[in-house]
Student: 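After the structure tokens below, expect a handful of questions from me.
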Number of protein chains: 2
Amino acid sequence: MELDSYDKKILKLLQQNNKISQRTLAENVNLSASAVNRRIASLEEHGIIKENVSIINPTKVGRPITIIVEVKIENERLDLLENDKKRFVNCPQVQQVYYVTGDFDFLLVLNVCDMEEYEQLTRELFFKADNIKGFKTIVVMQNAKQNLHVIVD
Amino acid sequence: MELDSYDKKILKLLQQNNKISQRTLAENVNLSASAVNRRIASLEEHGIIKENVSIINPTKVGRPITIIVEVKIENERLDLLENDKKRFVNCPQVQQVYYVTGDFDFLLVLNVCDMEEYEQLTRELFFKADNIKGFKTIVVMQNAKQNLHVIVD
DNA sequence: AGTGAAAGGTATTGGGG
DNA sequence: CCCCAATACCTTTCACT
């Protein structure tokens with residue numbers, strides 16, 4: 001799907017605030033509300049808009065700790081790798097799973113309420129599994145920016 | 001602010017899909033639509049709901065590359081540190097900025113369209129600045145999970 | 001705080017260019 | 001693909017429990 005300048009403006013606005021009304025959106029991009037409506041529907045159908053969500057402040061719901069983990073695996077055999085990946089992805093405390101190459105194989109970003117919760121998670125995620133060579137824990141001191149904005153232009 | 005079980009259910013649902021109507025939400029949590037309306041307003045006022053956004057699929061808008069950077073700084077003097085942080089935070093390609101302690105000082109997550117864009121960014125972010133001791137680039141092979149969900153219970 | 005109903009505002013669909 | 005207009009739906013407010 002090709003995005004024209006209308007679609008791009010709509011995306012730019014919606015990824016900052018998706019509660020903005022289609023009428024207001026329409027005024028901003030110089031289109032009618034129904035045109036905006038159809039474009040949004042199309043962007044969603046094509047998966048360009050992946051989801052519409054509220055972002056929660058983790059600190060305010062008692063989960064103030066962000067932890068980064070660099071994971072080294074033992075064996076890169078595809079089925080074992082997929083198995084590790086699934087375990088990470090299915091863990092609700094794990095927000096982000098990146099498969100990388102270099103000194104380590106996975107980088108994880110976790111959100112937890114305290115270090116005890118993290119310690120218990122390490123058992124499930126790393127110690128109980130037999131394809132993990134090692135992992136390095138990095139505790140985040142300050143979460144200076146955290147969003148999923150994509151440049152659209 | 002104390003969250004009761006109604007608030008928690010509402011938050012759980014909204015961080016999966018904030019386009020769900022308040023009436024549907026009300027049915028799910030066994031409250032009236034107006035009660036849900038007031039609770040959502042309160043959650044927003046208190047900053048528990050930080051923002052409402054559409055999440056864009058980066059690949060589908062021509063920005064398929066995620067890069068992780070570990071940054072070591074030269075001098076931890078507060079003003080220099082803040083200066084580095086601001087430079088990272090203000091860069092639109094930088095989605096996430098974590099200040100950490102250990103082998104490195106900042107971990108960044110970037111989204112770019114190609115390696116050339118990243119290379120140019122490194123000049124702005126790292127080479128032009130004189131408080132950067134070094135940085136390590138990790139190119140993400142596969143983005144297996146990426147969200148900002150927080151466990152609410 | 002919660003409810004239900006009324007009022008006001010939005011989203012969505014269909015006819016026509 | 002656009003606009004406009006009608007309808008259906010949703011949010012918001014208010015009086016009351």
Side-chain angles (χ1 to χ4, degrees), chain A residues 1-63 147-153, chain B residues 1-63 147-153:
Chain A
M1 184 194 177
E2 260 312 293
L3 300 175
D4 63 19
S5 71
Y6 293 120
D7 294 317
K8 289 173 183 171
K9 271 187 201 167
I10 291 169
L11 286 175
K12 243 184 260 187
L13 292 166
L14 285 181
Q15 76 175 331
Q16 281 167 237
N17 173 20
N18 75 351
K19 282 294 223 308
I20 185 175
S21 79
Q22 296 182 358
R23 192 175 52 77
T24 308
L25 218 40
E27 285 162 13
N28 274 277
V29 304
N30 292 314
L31 243 77
S32 70
S34 53
V36 169
N37 183 279
R38 257 177 294 107
R39 281 166 182 269
I40 291 175
S42 166
L43 291 165
E44 283 173 352
E45 268 168 37
H46 286 83
I48 292 164
I49 294 176
K50 204 170 40 170
E51 43 181 4
N52 287 286
V53 299
S54 295
I55 305 293
I56 295 177
N57 184 334
T59 309
K60 301 221 174 175
V61 294
R63 309 201 120 247
N147 69 42
L148 299 177
H149 291 356
V150 176
I151 294 177
V152 188
D153 54 8
Chain B
M1 184 192 175
E2 260 312 293
L3 299 175
D4 64 17
S5 71
Y6 293 119
D7 294 317
K8 288 172 184 171
K9 272 187 200 165
I10 291 169
L11 286 175
K12 243 185 260 187
L13 292 165
L14 285 181
Q15 75 175 331
Q16 281 167 237
N17 173 19
N18 76 351
K19 283 292 223 313
I20 186 175
S21 79
Q22 296 181 0
R23 193 176 52 77
T24 309
L25 218 40
E27 284 163 12
N28 275 276
V29 303
N30 292 314
L31 272 168
S32 68
S34 50
V36 169
N37 184 278
R38 254 179 296 108
R39 280 166 182 269
I40 292 175
S42 167
L43 291 165
E44 284 174 350
E45 268 168 38
H46 286 83
I48 292 164
I49 295 176
K50 205 170 39 171
E51 44 181 3
N52 288 286
V53 299
S54 296
I55 306 293
I56 295 176
N57 183 333
T59 310
K60 301 220 174 174
V61 294
R63 308 201 121 247
N147 69 42
L148 299 177
H149 291 355
V150 176
I151 293 177
V152 186
D153 54 9

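First the proteins, then the strands, lettered A, B, ... as listed; each starts at 1.
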Student: Please identify each residue that fulfils side-chain contact (heavy atoms from CB on, under 4.5 Å) with B:K8, with sequence neighbours left out.
Tutor: B:L3, B:V152
Student: Figure out the CD/P separation between B:Q22 and C:dG2, and round it to whole Å.
Tutor: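 Going from B:Q22 (CD) to C:dG2 (P), I get 14 Å.
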Student: Give the rounded distance in Å between these two atoms: CG of B:N18 and C1' of C:dT10.
Tutor: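 After rounding, the gap between these two atoms is 15 Å.
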Student: Quick one: does A:L31's side chain get under 4.5 Å of A:R39's, heavy atoms only?
Tutor: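 They are in contact (side-chain heavy atoms under 4.5 Å apart), so the answer is yes.
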Student: Check the distance between D:dC1's C1' and A:D7's CG and give it to me in whole angstrom.
Tutor: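 Those two atoms, CG and C1', are 12 Å apart.
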Student: May I have the distance from B:Y6 (atom OH) to C:dA1 (atom P), rounded to whole angstrom?
Tutor: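 One finds 12 Å between P of C:dA1 and OH of B:Y6, rounded.
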Student: Could you report the tightest heavy-atom contact between A:A26 and A:V36, atom names first, then the distance?
Tutor: CA-CG2, 3.6 Å
Student: Are any of the side-chain heavy atoms of B:I49 and B:N18 separated by less than 4.5 Å?
Tutor: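 Result no, sub-4.5 Å side-chain heavy-atom pair not found.
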Student: Would you say the side-chain atoms of A:Q15 and A:N147 include a donor-acceptor pair closer than 3.5 Å?
Tutor: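 There is no such pair (donor and acceptor under 3.5 Å, judged by atom type) between the side chains of A:Q15 and A:N147.
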Student: Can you sort out which residues in residues 23-43 of chain A have a heavy atom within less than 4.0 Å of DNA chain C? Ascending by number, please.
Tutor: A:R23, A:S34, A:N37
Student: Between P on D:dT11 and CD1 on B:I10, what's the gap in Å once rounded to a whole number?
Tutor: 12 Å
Student: Within a strict 4.5 Å, meaning less than it, do heavy atoms of the B:E44 and A:K19 side chains meet?
Tutor: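 SC-SC contact between B:E44 and A:K19 confirmed.
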Student: To the nearest Å, give me how far apart CD1 (B:I20) and C1' (D:dC10) are.
Tutor: 13 Å
Student: Would you kindly give the CD-to-C1' distance between A:E44 and C:dA11, to the nearest whole Å?
Tutor: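 Distance, rounded to whole Å: 12 Å.
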